[in-house]
Amino acid sequence: MKRLTAFLIGIAIVAGVLAFTARAPRHAAAQHAAPIFVTEIPSGYRDWRLISVAHEEGDLHSFAAILGNNVAIKAYREGQLVFPDGTIIAALHYRHVPSDENNKVFGRDQSFVPGSPTNIQFMVKDSKKYAATGGWGFGHFQDGKPSTDEAMMNTCFACHQQMKARDLVFTRYAP
């Protein structure tokens with residue numbers, strides 16, 4: 001009887017260890033596979049409010065209109081240092097080109113306007129879904145299609161992580 005009891009306890013321990021280790025890799029794989037990229041353009045973004053504008057030189061040579069949904073605008077206006085879940089920030093980037101029409105009026109080359117669009121970028125705050133990237137999902141779209149360049153997309157979090165004190169957000173609210 002003692003041998004049978006020891007044998008059954010041994011089997012129970014082995015079965016428990018096997019069950020635990022069989023679940024662990026799936027759980028780790030699920031965490032690793034958690035999404036960090038935004039793959040759909042949020043609807044209605046063109047109707048959102050202006051947060052700020054940006055002018056980037058160097059290789060980018062672009063203008064950007066930075067827009068926010070109602071959750072983002074409320075957080076900015078209230079001075080929240082941590083954006084709440086549901087915040088979405090959009091950056092609409094355009095090449096900037098001289099305005100011949102405006103420059104004729106000014107009598108010299110000084111006016112630049114948005115040219116062709118280059119891309120649209122989104123940051124979507126969802127602390128659970130995007131936990132691996134500080135609670136933010138990042139999206140980059142060209143011609144309405146999400147980027148498939150995973151190496152490029154992985155640079156988003158690395159760059160934004162430098163703005164930890166501002167919840168990974170570069171853009172300040174323009175008064």
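Keep in mind that this is a model prediction, so the values were computed, not measured.
Between His55 and His96, the angle of the ring planes goes over 60°, which puts this pair in the perpendicular group of the 30/60° scheme.
Arg77 has its side chain within reach of Tyr173: a pair of non-hydrogen atoms, C-beta onward, lies under 4.5 Å apart. At a threshold of 4.5 Å between non-hydrogen side-chain atoms, the residues Asn103 and Gln110 count as touching. Residues Tyr94 and Thr118 form no side-chain contact, since every pair of their non-hydrogen atoms from C-beta on lies 4.5 Å or further apart. Phe37 has its side chain out of reach of Pro146: every pair of non-hydrogen atoms, C-beta onward, lies at least 4.5 Å apart. Using a 4.5 Å heavy-atom threshold, the side chains of Tyr45 and Asp47 count as separate.
A distance of 11.0 Å separates OG of Ser62 from CG of Leu92, quoted to the nearest 0.5 Å. If you take CD on Gln162 and CG on Leu168, they are separated by 10.5 Å, rounding to the nearest 0.5 Å.
Heavy-atom contacts from other residues, nucleotides or ligands closer than 6.0 Å to CD of Glu101 number 12 or fewer. Summarising the local packing, CG of Asp143 is surrounded by 12 or fewer heavy atoms from other residues, nucleotides or ligands at distances under 6.0 Å. Atom CD of Glu150 has 12 or fewer neighbouring heavy atoms from other residues, nucleotides or ligands inside a 6.0 Å radius.
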### Query
For Val169 and Tyr76, what are the C-alpha separation, side-chain angles and deciding distance, and is it a side chain to side chain contact (heavy atoms under 4.5 Å, CB included)?
CA-CA 11 Å; Val169 176; Tyr76 270 110; 3.3 Å; yes

### Message
Between Val97 and Phe112, does the side chain to side chain contact (heavy atoms under 4.5 Å, CB included) criterion hold? Intermediate values first, please.
### Response
CA-CA 5 Å; Val97 297; Phe112 294 87; 5.9 Å; no

### Task
Check the pair Phe138 / Met123 against side chain to side chain contact (heavy atoms under 4.5 Å, CB included), numbers first and verdict last.
CA-CA 5 Å; Phe138 299 93; Met123 289 179 67; 3.8 Å; yes

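Here the options are Ile36, Ile89, Val38, the test is side chain to side chain contact (heavy atoms under 4.5 Å, CB included), and the partner is Trp136; only Ile89 passes. Checked options Met153, Gln142, Gln121; the residue passing with Ser147 is Met153 (criterion: side chain to side chain contact (heavy atoms under 4.5 Å, CB included)).
Pairing each heavy atom of Pro84 with each of Thr87, the nearest pair is O-OG1, 2.7 Å. Nearest heavy atoms, Tyr130 versus Val124: CD1-O, 3.6 Å. Closest of all the heavy-atom pairs between Phe157 and Ala132 is CE2-O, 4.0 Å.
Cluster annotation: Val53 is not connected to Val113 through the hydrophobic network of ILVMFWY side chains, with a link wherever side-chain heavy atoms come within less than 4.5 Å.
The closest side-chain donor-acceptor pair between Asp85 and Ser127 falls under 3.5 angstrom.
Side-chain contacts under 4.5 Å among hydrophobic residues (ILVMFWY), followed directly or transitively, place Met163 together with Phe170.
Judged as a salt bridge (charged side-chain N to carboxylate O under 4.0 Å, His left out), the pairs with a partner in residues 161-175 (not counting sequence neighbours) are, in order, Lys125-Asp167.
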Donor-acceptor pairs under 3.5 Å, side chain of residues 66-75 to any protein atom, not counting sequence neighbours: which ones?
unit_1, atom_1, unit_2, atom_2, d
Asn69, OD1, Val71, N, 3.4
Asn69, OD1, Ala72, N, 2.9
Asn69, OD1, Ile88, N, 3.2
Asn69, ND2, Gly86, O, 2.8
Asn70, OD1, Arg49, NH1, 3.4
Lys74, NZ, Glu78, OE2, 3.1

